[in-house]
Amino acid sequence: MNRAKKRQPVPTLRRQLFLSSIAIALICGLCSIYIIDFSEQQIKAAYSSRTVELLASDGQALNRKMKDMQAHVLTLLSNSEYSKIKTQLNNQSKGNNAAERISFFSEFFSDWTKRDPYIKQVFAVTPEGMYFSLTNETLRKKNDFRENVETLLNQIQQPSMIYWGRSMENVFYQQSGRVIPVVVTDRSLSVGKEIYIVILLDEKYIFEDLSLGKIMGDKLIVDGNGEMVSYVEDPFIQRILQNPEIREMVVARPKELQKIKVEHTRLYTICCDVGGNMNWKLLVFATEQDLFGSLASAKIILLIVTGAMLLVSFFCSIGISHGLTKPLYELRDAMKMAVKTNFTSHFLYHKNDVIGDLSESYNAMLDEINQLISQLEEEKNKARIHQLLKRRAELKALQAQINPHFLYNTLDTINWMAVEAGADDISEMVVSLAELFRLGLKRGNELSELNDEIEHVRHYLTIQKMRYADKFEYAIDDVGETGEKYFCIRLLLQPLVENSIYHSIKQSRKKCRIQVHVIEREKDLVLQVVDDGAGFEPGKMDEINEKLKRHVVVDKSGYGIFNVNERINLYFGPEYGLQYRAEGDRTVAEITLPKVSETEAGVYDEYSHRG
C-alpha cells in the first residue's frame, strides 16, 4: 500500500515578511559593521601615518637642536680666548688672566644655558684632572666626584670629537635631576694632551618644543643598538629594551608602525632617526588604547548603536509583519469558511487600502454566490420535478403501449402451436404472456422489488424461447434474499434481452446462450445481460457507449436502451447507468444501480407521483 507523500510545509506570509525584514536588517547591520571596521582601519592607518610624520618632524627638530649646540661648541673651540686659556689649563697655571678668561667663558655658557634651557650645566676637565665649572653653578665637592668623572670619560671607547652619553643622575652639580652628558674632546697638538668640555643636557627639557606631547605612550631616545639614551620610568619598557632581539626589531624598520607582543601584552612601536653624528633615534611605545583610545570607544559606541538598531528592527519586524498580515489571515479564515460552503462568512474591514478593496470584492462575491445558489436550487428543483414528471409520462406511455410487432409474432406463434402441438404448450405460452403483461403494466410505484424485475424478464425469455427454440437457451441467477431486500426501476432488463435476441442472436448461425446475472457489491447492484451471439460490428459498441454518456439516442432501433440509461441517470445520477463491453466472444450489457431499500424506494418515488 503506497503511503501518501507528506505535504512539505510552506512558510507563512507572516513568517516570510518577518524573515525578509530580519534579512534586510542583518544585511544592513553587517554592512554597517563592515563600514565601521573598514573606517576603523582607514583611521588607524591615518593615525599611524600622522604619528610617523610627527615623530619624523620631532626627529628633525631634535637634530636641529643638537646641531645648534655643536655649532656653539665649535664657536667656543675657535675662539682666541679659549686658545689662551687652553694653554694656561695645560700648564696648570691659574693666574689672574686664567681666572678672568674662565670667568669670561662662564658668563658665555651661563647666557647659553639661559637661552637654551635643555643645556643645564657645562664644566671643563684639564689634562691634569682639574675641574672648572663654566656656568654660574658650583660643582660638588664630594669625594666620589672624581670617580664619576672618570667613569664618564672611560665610556669614550674611541677617539672622537663629541661623545653622546646616556641618561644619568646629575652627580656633578649640587642641583639634582637626570641629565644626558655630551663630552667634547679637544686634543692639544703641541703637548698631545686632551681637554674635555662636558655639557649636561637637561633631559626634562630635551623634548621641549617638540610635538611628542601629541603622541600618547612612552617616548624616549635610544642609540643605534636600541639601548636607552633618555630615561623611561616604566619598568615594563625597561625590561623590553633589555631584550636584544626586541631592541633590534624595534629599530630595524624606522618610520613604520609595528605591533609586538611581549608578556601577553600587545604594544605598538614607532622609531625614527634623529640624524647627525649622535646616532640617536626617537622611539615611542604605546598601547592600542594610547594610540586609538577614542577610536576604540567610538567603535564600541557605533557597534552598540548598530546592535540596538538591529534589536529595534527585530521587534519592529514582528510588529509590522503582524500588523500587515493580520487582516490577510482573517480574510483567509473567512475564505476557508466559504470553502466549507459557508457563504455567510463575510469579512469586515473598514480601512481604505488594498485589503479593504479585497474585502469589498470578496463580500460582493459571497453575496452573488448566495444569490446564484438560491436561483440554482430553485431552478434545479423545478428541473428535477419537470424531468420526473416527463419521465413518468414517458414511462406510463411505454407501459401502456404494447409492441405491435411483438404481439403479432407472439399471436402468430400461438396460432402455429395450436395447429401443430398440444394445448399444454399453448397454455404455458399464454400464461407467460399474461404474467409478462401483468408485471410490466401493473400500476403502483416506479421502483419495485428486484424479484419482480427478474420474474418479468424470465416470462419474457420463456415466450421468446418458445418462439426461437433452436436459436438460444437462457439462464437466470437465483437472487434469493437480495431480490426481496433491494428495489430497482421497473422494465430495465427486458429491453436489453430484447436487444440481444433481435440484434445478436438472430444474426448468429449457431445456437446461442443468454445469461442474466445479479452481482451484489459493497454499495451497488450490477445487473448483466450476457449473450454469445453475433455481437456488434467493429466500432459500434464504442459508438453506443459514447452516445449513452452524452445522452444521445443511438438510433431508432436503440431507443429502448437509451430510455433505460436515461431513467437510471434521472433517478440515481450520472454515476449510474448502462454500458456495453466485450468479454471474449460474448457481449455484456451491464447496468449499475445503487442499493435501494424499501424505505429509500419510497423517497425516490414520491417525486414520480407529483402533478
Side-chain angles (χ1 to χ4, degrees), residues 395 398-399 428-429 431-466 468 472-501 504-505 512-533 548 560-561 563-573 575-583 586-605 608:
L395 182 59
L398 181 64
Q399 291 172 343
E428 181 181 1
M429 192 170 190
V431 170
S432 295
L433 181 60
E435 191 66 20
L436 180 68
F437 287 159
R438 182 184 69 81
L439 293 171
L441 301 176
K442 73 177 182 178
R443 300 180 60 84
N445 295 334
E446 304 296 338
L447 299 180
S448 62
E449 290 184 1
L450 180 60
N451 278 338
D452 290 345
E453 184 67 14
I454 295 299
E455 284 302 310
H456 182 268
V457 78
R458 189 189 307 279
H459 290 299
Y460 180 79
L461 284 169
T462 298
I463 295 172
Q464 294 293 1
K465 180 70 172 64
M466 291 179 181
Y468 299 105
F472 74 93
E473 58 183 18
Y474 68 89
I476 301 176
D477 289 351
D478 182 8
V479 294
E481 294 182 358
T482 302
E484 298 177 357
K485 186 177 180 181
Y486 298 112
F487 283 64
C488 71
I489 303 173
R490 293 192 295 170
L491 298 179
L492 293 181
L493 293 175
Q494 184 270 330
L496 304 183
V497 172
E498 182 181 359
N499 200 59
S500 295
I501 293 173
S504 182
I505 292 175
C512 301
R513 180 178 178 83
I514 296 177
Q515 294 174 294
V516 178
H517 299 302
V518 177
I519 302 171
E520 185 177 356
R521 293 177 180 169
E522 183 179 358
K523 295 182 179 180
D524 301 330
L525 287 177
V526 178
L527 310 181
Q528 294 180 342
V529 177
V530 184
D531 71 77
D532 56 358
L548 289 175
I561 61 175
N563 188 276
V564 168
N565 187 64
E566 288 296 298
R567 288 164 60 207
I568 295 171
N569 287 166
L570 179 63
Y571 269 89
F572 305 121
E575 63 269 27
Y576 299 101
L578 168 65
Q579 285 287 288
Y580 279 89
R581 60 186 175 85
E583 288 184 355
R586 301 191 305 169
T587 301
V588 180
E590 184 173 274
I591 294 174
T592 304
L593 301 170
K595 288 181 177 179
V596 179
S597 65
E598 184 177 4
T599 303
E600 294 170 332
V603 175
Y604 279 109
D605 274 327
S608 66

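Applying the side-chain hydrogen bond (donor to acceptor under 3.5 Å, both in side chains) test to E449 and every residue at least two apart in sequence or in another chain returns nothing. Residues passing the side chain to side chain contact (heavy atoms under 4.5 Å, CB included) test with E598 are F487, sequence neighbours excluded. Scored by the ring pair (Phe, Tyr, Trp, His ring centres under 6.0 Å) test, Y580 finds F536 as partners (sequence neighbours excluded). For the side-chain hydrogen bond (donor to acceptor under 3.5 Å, both in side chains) test, residues two or more places apart in sequence or in another chain that qualify with Q515 are R586. When the side-chain hydrogen bond (donor to acceptor under 3.5 Å, both in side chains) test is applied to E473, the partners found at least two apart in sequence or on another chain are R513. Here K595 pairs with Y486, E520, L525 under the side chain to side chain contact (heavy atoms under 4.5 Å, CB included) rule; sequence neighbours left out. Taking the side-chain hydrogen bond (donor to acceptor under 3.5 Å, both in side chains) definition, one finds that T592 meets it with nothing, sequence neighbours left out. Partners of P495 according to the side chain to side chain contact (heavy atoms under 4.5 Å, CB included) rule, which considers only residues two or more places apart in sequence or in another chain, are V564.
Defined by atom type and a distance below 3.5 Å, a donor-acceptor pair is missing between the side-chain atoms of E590 and Q579.
Partner of V518 under the side-chain contact (heavy atoms from CB on, under 4.5 Å) criterion, chosen from I476, L493, V479, V526: V479.
Minimum heavy-atom separation, V596 to A601: CG1-N, 3.5 Å. L496 and A589 get closest at one heavy-atom pair: CD1-CB, 4.2 Å. Taking each heavy atom of N569 and G577 in turn, the nearest pair found is ND2-CA, 4.1 Å. A pairwise comparison of heavy atoms in R567 and L491 identifies NH1-O, 3.3 Å as the closest pair. Of all heavy-atom pairs spanning D531 and S500, the tightest one is OD2-OG, 3.1 Å.
Within a 6.0 Å radius of CD in E481, no more than 12 heavy atoms belonging to other residues, nucleotides or ligands are found.
The aromatic rings of Y474 and F472 sit tilted relative to each other, their planes meeting at an angle between 30° and 60°.
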Task: CA sep, side-chain torsions, deciding dist, call: T587, V529, side chain to side chain contact (heavy atoms under 4.5 Å, CB included) - done: CA-CA 8 Å; T587 301; V529 177; over 6 Å; no
TODO: Report the C-alpha distance between Y460 and V497 in whole Å, list the side-chain angles of each, state the deciding distance to 0.1 Å, and finish with yes or no for side chain to side chain contact (heavy atoms under 4.5 Å, CB included).
DONE: CA-CA 9 Å; Y460 180 79; V497 172; 3.9 Å; yes
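Here the side chain of E600 pairs a donor or acceptor atom with the backbone of S597 at under 3.5 angstrom.
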